[in-house]
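Have a look at the structure below, then the notes.
For clarity, every value in this text was computed on a predicted model and none was experimentally measured.
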Amino acid sequence: MPSFKSIQNRLKTFKPKSIRSKIFNSKSLLEPIAQERMDLESVDPRSTAPKSSNFTRLRTLLAGTTLLGVGFTAAAVYIPWAWISTQNIEKLTIQLNQSIVENSVLEVNEIFKSATSAHVFLGKASDRNILAFDRQNSLEQGFWGLIESKPNLTWVMFGYPNGDFFGIQRVTEKSFQVHQRKWNAVDKKSLHTTTTYERVGKDLRLIKQKTENDSPPYYAPNRPWYKAALKTPGEPAWTTYVRRTNNQPSLDSAMTVTKNGTTLGVVNLGFDLDQVSRSLQKLRQDKKSVLLVTNGQSQLIASSDIQETIPRQIPGQDEPQLNLVDNSSNPLIRGIAKELKSQNITNLNSQGSQDLRYRDPQSGEMYHVTFISLNQLDWVIGLLTPESLHLGEIKKNEMILRTLIIVLIIVSLGVAMYLSDRVIVRPIMKLNKAAKQVAEQKFSTESLQGLLERRDEIGELANMLNEMAQQVDGREEGLRKQLNQLQRETERKQLEQSQATPTATDGKNSPYLLLQRAQSLRRELQNNISTSL
C-alpha cells in the first residue's frame with residue numbers, strides 16, 4: 001500500500017486534461033489540410049465558375065462599335081463634301097446664270113445685229129443699182145429676199161416722202177402679207193391693199209387680197225419710226241411703238257435712204273415684241289426658269305413665260321402700253337421686283353450686272369436672279385433660275401453617295417459581325433467553357449484546341465488558363481498526398497500514445513477511476529487525521 005506522502009504527491013501532479021490534450025494535439029496538425037479539403041469538396045462548382053456570359057450582348061456591343069466606327073468614317077467623308085457643295089453652289093449658280101443670260105444677250109443682240117446687217121445690205125444693193133427704191137417691182141423682190149433670209153425679222157417696210165407705204169409682214173412661219181398704201185394728199189386719206197400669201201414648199205400661193213381705206217388715215221412721214229430716222233441720217237434709229245397694222249408693240253430700226261443727196265425715203269425693219277418673247281422661250285432651260293427683258297421704266301418688254309401677255313393696246317395710240325414688272329402676271333417676277341425695291345436697286349441698266357437670291361414664299365423654292373445690261377436702248381435681260389435646277393446633278397450624286405454609304409455600313413457591319421463572331425466571340429466562349437471545366441475539375445487540354453496555337457492575346461490567355469489548370473491539378477494532387485501522409489502519421493501517433501498512456505476507456509486504470517480513488521483516499525486520510533487528533 002502506497003504511503004500517504006506518495007499519494008499526496010501523485011494527486012498534486014495529476015492533470016486529467018493533459019492526457020486529453022495530448023490525444024487531440026495530434027489531430028490539430030491535420031486540421032488546416034482537412035479544412036482545405038473540406039472547403040474544396042463543399043464548394044459548388046456552379047458558384048465559383050464564371051456565370052454564363054450574355055454573348056448576344058457582346059455581339060451587340062461589337063456590332064455597335066463597328067457601326068459607330070463605320071458611321072463616323074462615313075460622316076467624316078459626307079459632311080465635308082456636303083458643306084463644300086453647299087458653299088460652292090451659289091458661285092456655281094451665279095456662273096451658270098451669267099452664262100445663260102450672256103447667251104440670251106447674244107440672242108437678243110442678234111436682232112439688233114440682224115437689223116444693222118440688213119441696213120448695210122440694202123444700202124449696198126441700192127448703191128450698186130441692184131435694188132431701186134423708186135421701182136415697185138425691184139423693191140418687192142429685195143424685201144422678199146430680206147425677210148426670208150432673216151427668220152427673226154417681222155417687218156420690212158419703206159415709207160415714201162409723199163406719204164405712200166410699202167411693206168412685207170411675216171405673220172407666221174409660212175404665212176406672209178404684203179401691205180401697200182397710197183396717200184391721197186387732196187382727201188387726206190390712205191387706200192390700203194393687203195395681199196395674203198402662204199408658202200407651199202418653195203413657192204408662195206396667193207390666198208386673198210383686199211383693199212380698204214385706213215381709219216385713221218396712214219401717212220408714212222408722220223409715223224414715229226420715220227421721224228426718228230430723219231433725226232439720225234445715215235444711222236439706224238431704234239424705236240418702240242404700236243404697229244398700226246396688227247395693233248401690237250414692235251421694235252423698229254429705221255434708217256434714211258438717200259441717193260445723190262436726195263432722201264428717197266425711210267426703210268424700216270420691225271421686230272414684234274412677241275418675237276422677242278418666243279426667242280426667250282427657246283433659251284430658257286427649265287419650265288420654272290424665267291427670262292425677261294425690261295427697260296429703264298421697269299416695263300416688261302418680253303418674257304419667256306407663255307402666260308405673260310402684252311396688254312391690249314389703245315387703237316390709234318403710238319406709245320405702247322406695257323405692264324410694269326410690279327404688275328406682272330407671274331408671281332415670281334412680282335417677287336423679284338419687290339426684292340429689288342427692298343435692296344434699293346432701281347436702275348438695273350446702270351448696274352451692268354446684278355446677282356441676288358430670292359425665296360418664293362409660296363413654294364419655298366430658292367431662286368438665283370441675274371440681270372445684265374443689254375447695252376442697247378435701255379434694256380436689261382434678267383434670268384430667274386430655281387436652285388433645284390442646278391442642284392439636280394449634285395443631289396443625284398449626293399443620293400448615290402448616301403446609298404453607297406448605307407450599303408457600306410450594312411456590308412461592313414455584316415462582315416464585322418461574322419469576323420468578330422469567329423475571331424472573338426467563339427474563342428471567348430471556348431475560354432468560358434474551359435474555365436467552367438476547371439471549376440468542375442473536368443478540365444482537359446482538348447477543350448482549348450485551336451486556341452493554344454494563336455499568337456494574339458486570346459492565344460496568350462488560353463495558354464495561361466492551361467498552365468493555371470495544370471498548376472491547380474498539381475496542387476490538389478500534392479494536397480491529397482500530404483493529407484494521406486498526415487492521416488497515417490496521426491493514426492500511428494494515436495496508436496503509440498494509446499499503448500503508452502492509460503486512456504479513459506482502460507477500465508480500472510482509467511483516469512476517471514484513478515481520480516475517484518485518489519479523492520476517496522484523500523477523504524479517508526483526512527478522516528484518519530481528524531480522528532487521531
| For Ile406 and Leu404, what are the C-alpha separation, side-chain angles and deciding distance, and is it a side chain to side chain contact (heavy atoms under 4.5 Å, CB included)? | CA-CA 5 Å; Ile406 294 173; Leu404 290 176; over 6 Å; no
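Judged purely by distance below 3.5 Å, without hydrogens or angles, the side chains of Ser117 and Lys150 pair a donor atom with an acceptor atom. In this structure, a donor-acceptor pair under 3.5 Å is present between the side chains of Ser363 and Asp360.
In this structure, Asn323 CG and Ser329 OG are separated by 7.5 Å, a value rounded to the nearest 0.5 Å. To the nearest 0.5 Å, the span separating CG on Asp272 from OG on Ser277 amounts to 10.5 Å. We find the OG-CG distance between Ser303 and Asn330 to be 6.5 Å, quoted to the nearest 0.5 Å. Distance CD/Gln177 to CD1/Ile207: 11.0 Å, rounded to 0.5 Å. Between atom CD1 of residue Ile381 and atom CG of residue Leu292 there is a gap of 9.0 Å, rounded to the nearest 0.5 Å. One finds the OG atom of Ser126 at 6.5 Å from the CG atom of Leu264 (value rounded to the nearest 0.5 Å).
For the pair Asp214 and Arg181, the salt-bridge criterion is met [side-chain N within less than 4.0 Å of a carboxylate O]. Between Lys174 and Glu198 there is no salt bridge, since none of the side-chain N atoms of the basic residue sits less than 4.0 Å from a carboxylate O of the acidic one.
Contact record, His192 with Thr194: NE2-OG1, 3.2 Å, taken as the closest heavy-atom pair. Counting all heavy atoms, side chain and backbone alike, Thr263 lies closest to Pro161 at O-CG, 3.8 Å. Of all heavy-atom pairs spanning Leu131 and Gly142, the tightest one is CD1-CA, 4.1 Å. Nearest heavy atom pair, residue Glu140 against residue Ile168, reads O-CD1, 4.0 Å. Residues Ile147 and Gln169 come closest through the heavy atom pair CD1-C, 4.1 Å. Across all their heavy atoms, Glu365 and Pro386 have their closest contact at OE2-CB, 3.7 Å.
Contact check for Val290 versus Ile333: side-chain heavy atoms found under the 4.5 Å cut-off. Side-chain contact between Ile301 and Leu322: present, with at least one pair of heavy atoms (C-beta onward) separated by less than 4.5 Å. Residues Tyr367 and Leu332 meet the side-chain proximity criterion, which asks for heavy atoms closer than 4.5 Å. Side-chain contact between Trp225 and Met157: present, with at least one pair of heavy atoms (C-beta onward) separated by less than 4.5 Å. In this structure, the side chains of Val171 and Thr154 stay at 4.5 Å or more apart for every pair of heavy atoms. Counting heavy atoms from C-beta on, the side chains of Tyr418 and Val415 never come closer than 4.5 Å. At least one side-chain heavy atom of Glu339 sits less than 4.5 Å from a side-chain heavy atom of Leu356. At a threshold of 4.5 Å between non-hydrogen side-chain atoms, the residues Tyr226 and Pro224 do not count as touching.
Taking the six-membered ring where the residue is Trp, the centroids of Phe133 and Phe158 are separated by under 6.0 Å. Aromatic pair Phe165/Trp183: centroids not less than 6.0 angstrom apart.
Side-chain atoms of Asn463 come within 3.5 Å of backbone N or O of Gly459 as a donor-acceptor pair. With hydrogens and angles ignored, the 3.5 Å screen pairs no side-chain donor or acceptor of Ser304 with any backbone N or O of Gln281.
By the neighbour-count criterion of 12 heavy atoms within 6.0 Å, atom CD of Gln297 is densely surrounded, having more than that number from other residues, nucleotides or ligands. The environment of Gln136 atom CD is dense: over 12 non-hydrogen atoms of other residues, nucleotides or ligands sit within 6.0 angstrom.
Ring geometry for Trp144 versus Phe176: interplanar angle over 60°, hence perpendicular rather than tilted (30 to 60°).
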Let me check something: any side-chain donor-acceptor pairs from residues 249-259 under 3.5 Å, sequence neighbours excluded? List them with distances.
| from | atom 1 | to | atom 2 | distance (Å) |
| --- | --- | --- | --- | --- |
| Ser250 | OG | Arg243 | NH2 | 2.7 |
| Ser250 | OG | Asp252 | OD1 | 2.7 |
| Ser250 | OG | Phe271 | O | 3.4 |
| Asp252 | OD1 | Arg243 | NH2 | 2.6 |
| Asp252 | OD2 | Tyr241 | OH | 3.1 |
| Asp252 | OD2 | Arg243 | NH1 | 3.0 |
| Asp252 | OD2 | Arg243 | NH2 | 2.9 |
| Asp252 | OD2 | Asn268 | ND2 | 2.5 |
| Ser253 | OG | His119 | NE2 | 3.0 |
| Thr256 | OG1 | Gly234 | N | 3.4 |

